[in-house]
Amino acid sequence: MSGASSANADFSPPTAPTATASANTNIALIKYWGKVDEALAIPATSSLSLTLEGTRTTTSVSFDGGAGTADSVTINGSSPTGAELARVSRFLDLVRSRSGVCAPATVISRASVPLAAGLASSAAGFAALAAAASHAAGMNLDDRALSQLARRGSGSATRSVFGGLVLWNAGHDDASSYAEPVACAMDLAMVVVVLSERYKPISSTRAMRATMVTSPLFPAWVEASEEDLQVALEAVQAGDLERLGEVVEGNALGMHAAMMAARPGIVYWLPQTIATLHAIRAMREEGLPVWATIDAGPNVKALTEGARAEQVAAALRDRLPGTTVSVRRPGGGVRIEEGS
Ligand code: PMV
């Protein structure tokens with residue numbers, strides 16, 4: 001880690017407070033893909049997401065001196081090293097520089113959903129870390145400021161600060177790039193189809209950079225995405241699930257088309273990803289309200305109506321034997337846990 005020296009560790013208070021916070025993960029309906037400013041994580045486009053219930057990561061932070069000269073980080077019982085540890089420490093350095101706290105930290109984090117569930121873990125992880133670390137450092141951030149801070153850990157974490165439907169305004173600098181909740185009277189749910197538990201062949205940060213720099217389709221995707229977001233917001237306001245579903249599926253396919261056109265092309269899909277897309281189309285033809293979205297991996301999430309979610313999940317299990325299918329309903333935002 002870079003910011004906390006052993007000299008600083010000597011100044012840590014004898015009983016540094018521990019703060020514990022939790023956050024759910026979220027799935028984008030209108031995607032974020034590409035940063036115009038990598039250091040500040042300012043995205044190329046605004047995005048819209050649904051925070052999912054039962055997907056909390058719970059994280060405790062104390063600036064208590066950590067491992068002496070460095071932060072001590074435990075995630076799901078094991079200690080990350082290399083780039084993963086450096087990413088957490090860089091984020092803690094930001095909190096230290098803003099709060100004036102100097103000591104290395106002890107961070108203990110546990111995800112309630114295993115990685116194998118096919119749900120992005122960094123959104124929940126960095127939203128919970130931002131809340132717990134800022135609280136432990138005595139910063140009193142409102143939700144907007146927390147969302148701006150979480151953005152520096154992972155783009156999608158910006159949105160996990162809030163529950164339900166969430167809009168991340170791309171903005172143009174640190175102050176103008178933040179998320180906010182969007183009123184939604186619709187009964188929405190996501191059905192998650194796990195096709196592979198493997199890690200990504202290429203990280204989203206690297207894949208975004210490659211798409212922006214080398215894909216001739218990237219500018220077209222950015223332009224389409226702005227319009228897609230307006231259509232999605234109008235559909236939400238009108239309670240029009242079909243219009244929302246169509247633009248959600250189109251936006252995700254457009255994002256993947258842009259990355260496939262990068263040089264060399266980035267292909268996160270597996271044969272079963274395409275089989276799932278076809279299954280979803282066939283189910284729509286039979287009258288089920290279901291539309292696909294896909295993130296930086298092979299797994300498919302299906303947007304549907306809450307009241308039909310179990311029926312959609314059963315139909316997907318029937319058509320895709322051997323896959324793991326689960327229903328996820330809208331969930332709440334960041335929570336500071338009792339006793340912090
Ligand atoms: O937050 P990151 O760097 O993991 O990027 C997430 C990108 C997508 O999941 C593909 C899209 C999104 O908006 O969440």
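Counting starts at 1 for both ligands and their atoms, in listed order.
In this structure, CH2 on Trp33 lies 5.5 Å from CE on Met255, to the nearest 0.5 angstrom.
Every N/O-N/O distance between Asn26 and ligand 1 stays at or above 3.5 Å. An N or O contact shorter than 3.5 Å is missing between Trp33 and ligand 1 by distance. Not a single N or O atom of Lys35, backbone or side chain, sits closer than 3.5 Å to an N or O atom of ligand 1. At under 3.5 Å, a nitrogen or oxygen of Asp295, whether backbone or side chain, sits near a nitrogen or oxygen of ligand 1.
Within 6.0 Å of CZ in Arg98 there are more than 12 heavy atoms belonging to other residues, nucleotides or ligands.
Near Ala296, meaning under 4.0 Å from one of its heavy atoms, ligand 1 places the atoms 10 (C). If you number the atoms of ligand 1 from 1 as listed, the ones under 4.0 Å from a heavy atom of Ala28 come out as 12 (C), 13 (O), 14 (O). Listed by number with element, the atoms of ligand 1 under 4.0 Å from a non-hydrogen atom of Met208 are 3 (O), 5 (O), 7 (C). Interface atoms of ligand 1 facing Ser122, defined by a heavy-atom separation under 4.0 Å, are 4 (O).
Residue contacts with ligand 1 for Arg159 involve side-chain atoms from C-beta outward but no N, CA, C or O (heavy atoms, distance under 4.0 Å). Under 4.0 angstrom from ligand 1, the non-hydrogen atoms of Ser204 all belong to its side chain.
Protein heavy atom in closest approach to atom 7 (C) of ligand 1: Tyr32 O, 3.6 Å.
By the 30° and 60° cut-offs, the orientation of the rings of Phe126 relative to Phe91 is perpendicular.
Taking 4.0 Å as the cut-off between side-chain N and carboxylate O, Asp228 and Lys31 do not count as a salt-bridged pair. A salt bridge links Arg335 to Glu337: one of the charged nitrogens lies within less than 4.0 Å of a carboxylate oxygen.
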